[in-house]
Amino acid sequence: EPEVTQTPSHQVTQMGQEVILRCVPISNHLYFYWYRQILGQKVEFLVSFYNNEISEKSEIFDDQFSVERPDGSNFTLKIRSTKLEDSAMYFCASSGISAEETQYFGPGTRLLVL
Amino acid sequence: RKEVEQDPGPFNVPEGATVAFNCTYSNSASQSFFWYRQDCRKEPKLLMSVYSSGNEDGRFTAQLNRASQYISLLIRDSKLSDSATYLCVVRMDSSYKLIFGSGTRLLVRP
């Protein structure tokens with residue numbers, strides 16, 4: 001069964017450093033998403049991406065965040081200057097040919113900012 | 001008021017029990033409804049979509065009451081493997097984002 005993959009599974013970084021989280025969505029999917037989950041809290045939407053542009057973003061997704069689809073398979077989330085409060089599990093998700101379709105989540109990247 | 005509200009639990013039930021979870025949502029523009037399941041430190045996985053007429057998938061039954069803005073999930077004949085956190089999720093019309101509740105934790109004991 002096709003699945004979303006994410007790398008790395010864990011990342012530890014110093015405050016102020018840049019991190020790039022990588023995702024490979026399901027191959028025929030057109031809609032891509034990033035969510036995050038701070039430990040003990042609910043899953044929160046960050047951004048959605050379709051047709052090589054951001055289609056929707058939350059107030060969390062400020063200028064420190066950016067997304068990119070650098071090639072036909074990868075989808076990345078960059079945090080330019082990490083803060084302690086960016087420590088969370090970051091989930092990538094993808095859905096098929098319509099935004100109404102089921103979103104399938106990757107296993108997540110656990111980011112720890114020291 | 002929280003957009004999606006759930007009782008955090010935990011619900012601690014014996015194997016074979018029937019257990020029901022409820023969820024309320026605040027925005028009447030909510031269009032799509034789901035139950036996801038999340039195991040500890042894992043990603044959310046879709047359990048089932050919730051339709052206006054109610055729907056069933058094996059031991060799982062989901063109901064939606066748009067007038068009361070209320071969603072429910074019923075699990076019959078609980079298995080040990082049902083132990084997880086159950087996330088109530090909504091999506092509003094013309095929006096891409098999923099809005100998650102904080103989840104209800106279920107523990108099924110032998």
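Here is how names work: the chains are called A, B, and so on, in the same order as the sequence lines, proteins then strands, and each is numbered from 1.
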Does [X] share a hydrophobic cluster with [Y], counting links as ILVMFWY side-chain heavy atoms below 4.5 Å and allowing steps through other members?
| X | Y | result |
| --- | --- | --- |
| A/I60 | A/Y90 | yes |
| B/F21 | B/L87 | no |
| A/Y50 | A/L46 | no |
| B/I71 | B/F60 | yes |
| A/I54 | A/I79 | yes |

Are there over 12 heavy-atom neighbours, none belonging to [X], within less than 6.0 Å of that residue's [atom1]?
| X | atom1 | answer |
| --- | --- | --- |
| B/Y70 | OH | yes |
| A/K83 | NZ | yes |
| A/D62 | CG | yes |

About how many Å separate [atom2] of [Y] and [atom1] of [X], when rounded to the nearest 0.5 Å?
| X | Y | atom1 | atom2 | result |
| --- | --- | --- | --- | --- |
| A/Q37 | B/Q38 | CD | CD | 4.0 Å |
| B/S32 | A/E101 | OG | CD | 11.5 Å |
| B/K97 | A/Y35 | NZ | OH | 9.0 Å |
| A/K42 | B/F100 | NZ | CZ | 10.5 Å |
| A/L39 | B/R41 | CG | CZ | 6.0 Å |

Taking side chain as everything from C-beta outward and backbone as N, CA, C, O, which of these in B/L98 sits under 4.5 Å from a heavy atom of chain A? Side chain, backbone, both or neither.
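Interface part for B/L98: both.
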
Ring centres of A/Y31 and B/Y96 under 6.0 Å apart?
yes

Verdict with supporting geometry, A/Q41 and B/S102, side chain to side chain donor-acceptor pair (under 3.5 Å)
CA-CA 7 Å; A/Q41 298 188 23; B/S102 299; over 6 Å; no

Locate the shortest heavy-atom distance separating B/E43 from A/P107; write the atom from each residue and the value.
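B/E43 and A/P107 have their closest heavy atoms at OE1-CA, 3.5 Å.
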
What part of A/S48 gets closer than 4.5 Å to chain B, counting heavy atoms only: side chain, backbone, both or neither?
side chain

Under the criterion side chain to side chain contact (heavy atoms under 4.5 Å, CB included), I'd like the reasoning laid out for B/Y36 against A/F105: C-alpha separation, chi angles, the key distance, then a yes or no.
CA-CA 11 Å; B/Y36 274 73; A/F105 285 74; 3.8 Å; yes

